[in-house]
Q: 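Dropping a structure here in structure tokens format, bear with me for questions.
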Amino acid sequence: MGKILTPAGSGKVPVGFPIALTAEEGDDISNLSAPDTSAVSSQKSSESVAPSKPVPSKPTSTKQQPPSPAVSHLLSNYVIKDVADIPATGPRGRLLKGDVLAYIATKNIPRAQQSAPTPKAAPKETLQPSSGYTDIPTTSMRRIIAQRLGESKSTVPHSYTSRDISMGAVNKLRQTLKNEYDIKVSVNDFVIRACALALRDVPEANVRYNPKLDDGVEKVKDIDISVAVATPTGLITPIVKNADQKGLKIISAEIKDLAARAKINKLKPNEYQGGSFSISNLGMLGIKHFTAIINPPQACILAVSAGHDVLTPVSPSNNPLDELMGLGQPEVISALSQPPTTSTITPSQSADILDELMAPSPKKGANLPSSIQIQNIMTVTLSSDERVVDGQIAAQLLNRVEHYLSSPQNMIL
């Protein structure tokens with residue numbers, strides 16, 4: 001830029017008026033002078049003395065210049081038929097809305113009386129007004145939930161796989177741990193542990209869909225289980241991280257702490273953002289079956305229902321129960337609390353303990369024939385992203401979940 005002729009803020013600049021001079025690198029710009037602008041100035045002055053009121057022009061043709069909807073509305077309301085008498089100031093003689101309004105004001109044309117439309121016959125049955133309602137403001141969390149789950153349901157191809165799981169062994173073990181060892185673990189704790197171990201056995205299900213990758217499959221290294229918790233402001237999913245490396249007692253303590261802090265909005269972002277797999281449990285509310293919506297970018301969520309008793313035939317077995325090994329309370333607590341790699345209990349000892357703990361109660365179903373037994377069945381439904389977790393992978397995952405819940409001794413090894 002050699003020289004600025006028209007500084008910023010100069011106002012309206014005529015077309016063709018020079019605003020700056022340019023030069024190449026190395027040129028001498030000390031003697032730059034502005035070009036002659038007398039022609040532009042004279043053109044500007046001639047324009048300044050021109051009449052400010054535009055000269056109306058007659059419309060070329062009604063067929064060539066049809067009136068706009070606004071003009072037609074005015075002509076109809078004021079019953080103006082001689083359109084050629086209205087001076088048109090638009091491009092190529094087009095009649096503008098302002099032209100019609102000016103013509104109406106000049107001629108003092110009254111608005112035509114509009115006949116009231118004929119009312120339609122009232123329907124035989126009319127809706128009665130409601131007795132009243134109350135507006136409930138939406139929290140920011142609920143708005144985000146609605147947006148994310150709406151996008152998930154409309155963009156993620158959900159596939160559903162269900163399985164019935166016998167919970168008799170888990171219920172028996174929970175009762176024994178509570179009565180004899182004062183260890184309180186919930187069914188949800190067992191489900192979290194079972195899902196974590198199942199994901200370790202079937203890593204193809206511990207994935208996410210990533211459209212930036214060629215095949216769309218992004219494998220997740222850690223097994224972090226998100227657990228849905230209801231709060232006054234909406235649903236939140238705190239995460240039990242590395243759940244496959246934690247015992248039942250640790251999982252139970254963590255989820256109790258996370259749920260308590262979630263309900264008073266005290267969770268840190270890293271405690272509820274992320275996760276590789278979700279669990280939604282409505283069993284404590286007596287729900288027998290439901291499906292859950294996937295929480296993107298995760299690919300799976302397990303819906304856990306309430307257990308219910310059913311009558312089933314007794315499978316014949318020639319293997320008697322092994323005698324209970326003489327392990328004390330500290331060893332059992334240690335086995336429940338430690339990761340699988342550091343457990344203080346051997347597989348054979350664990351099997352013997354759980355076999356004895358899960359022995360059928362002689363009082364339950366005493367009046368039933370020996371060929372019939374009562375089983376507590378829980379239905380779980382896996383919602384999976386069909387783009388990365390197909391039906392075969394979903395079935396394999398549920399089979400492993402059933403394996404651990406029906407034989408919980410495999411979860412304390």
Side-chain angles (χ1 to χ4, degrees), residues 141-142 144-153 155-163 165 186-210 217-231 234-244 246 251-252 254-256 258-259 262-263 267 269-285 287 289-305 378-389 393-394 396-398 400-401 404-405:
M141 180 183 294
R142 291 193 182 276
I144 295 175
I145 292 172
Q147 177 184 358
R148 288 176 56 84
L149 295 187
E151 293 176 354
S152 173
K153 194 64 175 178
T155 60
V156 177
H158 284 56
S159 179
Y160 304 102
T161 311
S162 298
R163 186 181 179 108
I165 300 176
S186 66
V187 172
N188 202 49
D189 300 330
F190 279 91
V191 173
I192 295 172
R193 176 76 171 142
C195 289
L197 295 178
L199 288 170
R200 188 180 65 182
D201 297 342
V202 188
E204 295 83 2
N206 197 46
V207 295
R208 298 171 182 167
Y209 176 73
N210 189 343
V217 181
E218 179 181 359
K219 295 184 178 180
V220 184
K221 179 181 178 182
D222 298 325
I223 298 177
D224 300 332
I225 306 297
S226 303
V227 182
V229 175
T231 69
L235 200 67
I236 193 169
T237 53
I239 303 171
V240 180
K241 297 184 178 180
N242 298 315
D244 61 316
K246 297 175 180 177
I251 291 176
S252 179
E254 282 193 13
I255 198 61
K256 288 178 182 177
L258 291 170
K263 293 181 180 180
L267 289 180
N270 65 315
E271 292 179 319
Y272 61 86
Q273 293 179 356
S276 62
F277 187 91
S278 290
I279 296 175
S280 179
N281 191 344
L282 294 180
M284 67 288 296
L285 300 178
I287 302 302
H289 178 267
F290 74 104
T291 58
I293 301 176
I294 297 173
N295 184 22
Q298 298 179 10
C300 296
I301 181 170
L302 186 70
V304 181
S305 306
M378 180 182 71
T379 301
V380 296
T381 301
L382 180 70
S383 302
S384 55
D385 186 347
E386 188 69 24
R387 295 172 296 185
V388 292
V389 178
I393 297 176
Q396 293 175 356
L397 182 67
L398 287 185
R400 297 307 296 171
V401 173
Y404 288 111
L405 290 178

Q: So which heavy atom on Ala243 is nearest to which on Ile192, and how close?
A: CB-CG2, 4.4 Å
Q: Arg193 side chain to Asp244 main-chain N or O, any donor-acceptor pair under 3.5 Å?
A: yes
Q: Name all residues meeting the side chain to side chain contact (heavy atoms under 4.5 Å, CB included) criterion together with Glu386; count only those two or more places apart in sequence or in a different chain, and write none if there are none.
A: Pro157, Ser159, Asp390
Q: Do you know which of Leu398, Leu382, Leu397 makes side chain to side chain contact (heavy atoms under 4.5 Å, CB included) with Arg163?
A: Leu398
Q: Is there a side-chain contact between Val304 and Asn188 (heavy atoms, below 4.5 Å)?
A: no
Q: Taking side chain to side chain contact (heavy atoms under 4.5 Å, CB included) as the definition, give me every residue that meets it alongside Ile145, ordered by chain and number, with sequence neighbours left out.
A: Met141, Leu149, Leu235
Q: What residues, two or more places apart in sequence or in another chain, satisfy side chain to side chain donor-acceptor pair (under 3.5 Å) together with Gln396?
A: none
Q: Tell me every residue that passes side chain to side chain contact (heavy atoms under 4.5 Å, CB included) with Lys263, counting only those two or more places apart in sequence or in another chain.
A: Val229, Thr231
Q: Tell me the closest heavy-atom pair linking Leu302 and Cys195, and the distance in Å.
A: CD2-SG, 3.5 Å
Q: For the side chain of Asp224 and the backbone of Asn242, is there at least one donor-acceptor N/O pair under 3.5 Å apart?
A: yes
Q: For the residue pair Ile223 and Ala196, what are the closest heavy atoms and their distance?
A: CD1-O, 3.6 Å
Q: Please enumerate all residues that pass salt bridge (charged side-chain N to carboxylate O under 4.0 Å, His left out) together with Asp385, with sequence neighbours excluded.
A: Arg387
Q: Can you see which heavy atom on Asn206 is nearest to which on Ser276, and at what distance?
A: OD1-OG, 2.8 Å
Q: Where do Asn270 and Lys241 land on the side-chain contact (heavy atoms from CB on, under 4.5 Å) test, with the steps shown first?
A: CA-CA 10 Å; Asn270 65 315; Lys241 297 184 178 180; 4.0 Å; yes
Q: Can you list everything that forms a side chain to side chain donor-acceptor pair (under 3.5 Å) with Asp201? Sequence neighbours excluded, please.
A: Arg400, Tyr404
Q: Over all heavy atoms of both residues, which pair between Ile225 and Leu199 is shortest? Give the atoms and the distance, please.
A: CD1-CD1, 3.8 Å
Q: Arg142: which residues meet the salt bridge (charged side-chain N to carboxylate O under 4.0 Å, His left out) condition with it, sequence neighbours left out?
A: none
Q: Quick one: does Asp189's side chain have a donor or acceptor within less than 3.5 Å of a partner on Ser186's backbone?
A: yes
Q: Of all residues at least two apart in sequence or in a different chain, which pass the side chain to side chain donor-acceptor pair (under 3.5 Å) check with His289?
A: Thr381
Q: For Lys153, give me all partners under side chain to side chain donor-acceptor pair (under 3.5 Å), at least two apart in sequence or on another chain.
A: Tyr160
Q: Show every donor-acceptor pair shorter than 3.5 Å between a side-chain atom in residues 290-298 and any protein atom, with sequence neighbours excluded, or say none if there are none.
A:
| unit_1 | atom_1 | unit_2 | atom_2 | d |
| --- | --- | --- | --- | --- |
| Asn295 | OD1 | Arg148 | NH2 | 3.2 |
| Gln298 | OE1 | Ser278 | N | 3.2 |
| Gln298 | OE1 | Ser278 | OG | 2.5 |
| Gln298 | NE2 | Ser226 | OG | 3.2 |
| Gln298 | NE2 | Gly274 | O | 3.1 |
| Gln298 | NE2 | Gly275 | O | 3.3 |

Q: What are the two closest non-hydrogen atoms of Ile239 and Tyr272, and how far apart are they?
A: CD1-C, 3.8 Å
Q: Should Arg200 and Leu197 be marked as a side-chain contact (heavy atoms from CB on, under 4.5 Å) after you check the CA-CA gap, both sets of side-chain angles, and the distance that decides it?
A: CA-CA 5 Å; Arg200 188 180 65 182; Leu197 295 178; 3.4 Å; yes
Q: How would you list, by chain and number, every residue that makes a salt bridge (charged side-chain N to carboxylate O under 4.0 Å, His left out) with Asp222, sequence neighbours excluded?
A: none
Q: So how far is it from Cys300 SG to Arg208 CZ, rounded to the nearest 0.5 Å?
A: 12.0 Å
Q: List for me each residue that meets side chain to side chain contact (heavy atoms under 4.5 Å, CB included) alongside Glu271, sequence neighbours excluded, and say none if there are none.
A: Leu258, Arg261, Leu267, Lys268
Q: Say you draw a straight line from CD of Gln273 to OG1 of Thr237; how long is it, rounded to the nearest 0.5 Å?
A: 9.0 Å
